[in-house]
Number of protein chains: 2
Amino acid sequence: MYDTITVSRQLKAAGVHPTAQRIAIYHYLLSQAKHPTVEDIKAWVDQNFPKMSLATVYNTLRTFVEAKLVKELKLPHSSKTVYDTNVRNHHHFFDEDSGELIDLDPAVVTLDPALKRKYLITHIHVLLRGTQRRKYDDHA
Amino acid sequence: MYDTITVSRQLKAAGVHPTAQRIAIYHYLLSQAKHPTVEDIKAWVDQNFPKMSLATVYNTLRTFVEAKLVKELKLPHSSKTVYDTNVRNHHHFFDEDSGELIDLDPAVVTLDPALKRKYLITHIHVLLRGTQRRKYDDHA
DNA sequence: ATTTAAAATTAGACTGATTCTAAATATATG
DNA sequence: CATATATTTAGAATCAGTCTAATTTTAAAT
């Protein structure tokens, strides 16, 4: 689904020179990673790329963020920044059991219209935390 | 309004031994500070307390958080943790002009009821960012 | 193809916020 | 008062992330 040529083309389309390092990282982000930290990315890279500096991982992610290929998420559930290939507007749910981060549609949150009269809102950050319900859970 | 005796009593009521350092910091938090960082607190302390270690500021804040006297806020608008004496449930608006953080009533945010069927939500973090409208601003 | 310029990568030093350590001091209890 | 316990302290250590300056790669122009 994501061969090198395709990934390379997507990088070019975003104005990012497709170097071997960038192709590798973007390929990983698109195909395997779900909200990885730099640590996660570096660990994958160390297993799947001849040799890459940690600085390159950081540089590459910054480049991707600037090119709007990924979103950088600094969420209060962790001290580590995570990256998201879902660049559309959305929110997150942090599953306290699994540690997993789940994307939520922005429509699940509604703001009081009175707020818009008082504030000009440019960003809405929402993180919900909790656990996922199993079937037949009581949800009073 | 917040004399030493009162502050001291409040600390005791929360199960926190009222040492001079703790009284000073809690007094500052209650009376002058609005969403201060550790840096802000240390700066005030350096002006208003004979001598206090930075470690004590951190220790004291941890103690207060554990005693639920203050909330610790790690918001994505800054790399610095801020502290809030408003321990009720609430959200925040970050004013990008002034850098000010404004408390919002939790009622300004409504979650889709379908979410509650899928998730058991224990925490709701909301940070809005933008600017404050002046009177007569168009708010289409 | 070769030179030259620009961009990307690199290792390792550095920073800033926070935590840890272990000693010193203060407080509470028997 | 003696002694245990809690608190404070200075400074070292940690951790995520950034910066620096040198090297390597890539692109552009002869």
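FYI, side chains are in, hydrogens and waters are out, and symmetry mates aren't considered; it's all heavy atoms of this structure. Order of the sequence lines sets the chain letters (A, B, ...), proteins ahead of strands, with each chain counted from 1.
A/Phe49 has its CZ atom 12 Å from the C1' atom of C/dA8, to the nearest Å. For the pair B/Ile41 CD1 and C/dA17 P, the computed distance is 14 Å after rounding to whole Å. Taking atom CD of B/Glu66 as the reference point, atom P of C/dT19 lies 11 Å away to the nearest angstrom. What separates CG of A/Asn59 from P of D/dC19 is a distance of 10 Å, to the nearest Å. The distance from atom CD1 of B/Ile25 to atom C1' of D/dT8 is 11 Å, rounded to the nearest whole Å. Separating the CZ atom of A/Arg22 from the C1' atom of C/dT10 is a distance of 14 Å, rounded to the nearest angstrom. If you take CG of B/Leu11 and P of D/dA6, they are 18 Å apart, rounded to a whole angstrom.
In this structure, NE2 on A/His77 lies 10.5 Å from CD on A/Glu96, to the nearest 0.5 angstrom. Atom OH of B/Tyr83 and atom CD1 of B/Ile41 lie 7.0 Å apart (nearest 0.5 Å). A distance of 11.5 Å separates CZ of B/Arg9 from OG1 of B/Thr4, quoted to the nearest 0.5 Å. How far CZ of A/Phe49 is from CH2 of A/Trp44: 8.5 Å, rounded to the nearest 0.5 Å.
Residues B/Leu73, B/Leu75, B/Phe94, B/Leu101, B/Leu127 make up the rest of the hydrophobic cluster containing B/Val82, defined by ILVMFWY side-chain heavy atoms closer than 4.5 Å, directly or through other members.
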Polar-atom pairs under 3.5 Å, protein N or O versus N or O of nucleotides 16-18 of chain D: list them with distances, or write none.
residue: D/dA16; atom: OP1; partner: A/Lys80; partner atom: NZ; Å: 3.2
residue: D/dG17; atom: OP1; partner: A/Thr81; partner atom: N; Å: 3.1
residue: D/dG17; atom: OP1; partner: A/Thr81; partner atom: OG1; Å: 2.6
residue: D/dG17; atom: OP2; partner: A/Tyr58; partner atom: OH; Å: 3.1

What protein N or O atoms touch nucleotides 23-30 of chain C N or O atoms at under 3.5 angstrom, if any, and at what distances?
none

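Between B/Lys51 and B/Val16, the residue whose closest nucleotide on DNA chain D is further toward the 5' end is B/Val16.
Counted within 6.0 Å of NZ on A/Lys118, heavy atoms from surrounding residues, nucleotides or ligands total 12 or fewer; the atom is thus considered open.
Minimum heavy-atom separation, B/Val45 to B/Met52: CG1-CB, 3.6 Å. Considering all non-hydrogen atoms of both residues, A/His91 and A/Ile124 come closest at CE1-O, 3.6 Å.
Classified by interplanar angle (parallel below 30°, tilted 30° to 60°, perpendicular above 60°), the ring pair B/His92/B/His90 is perpendicular.
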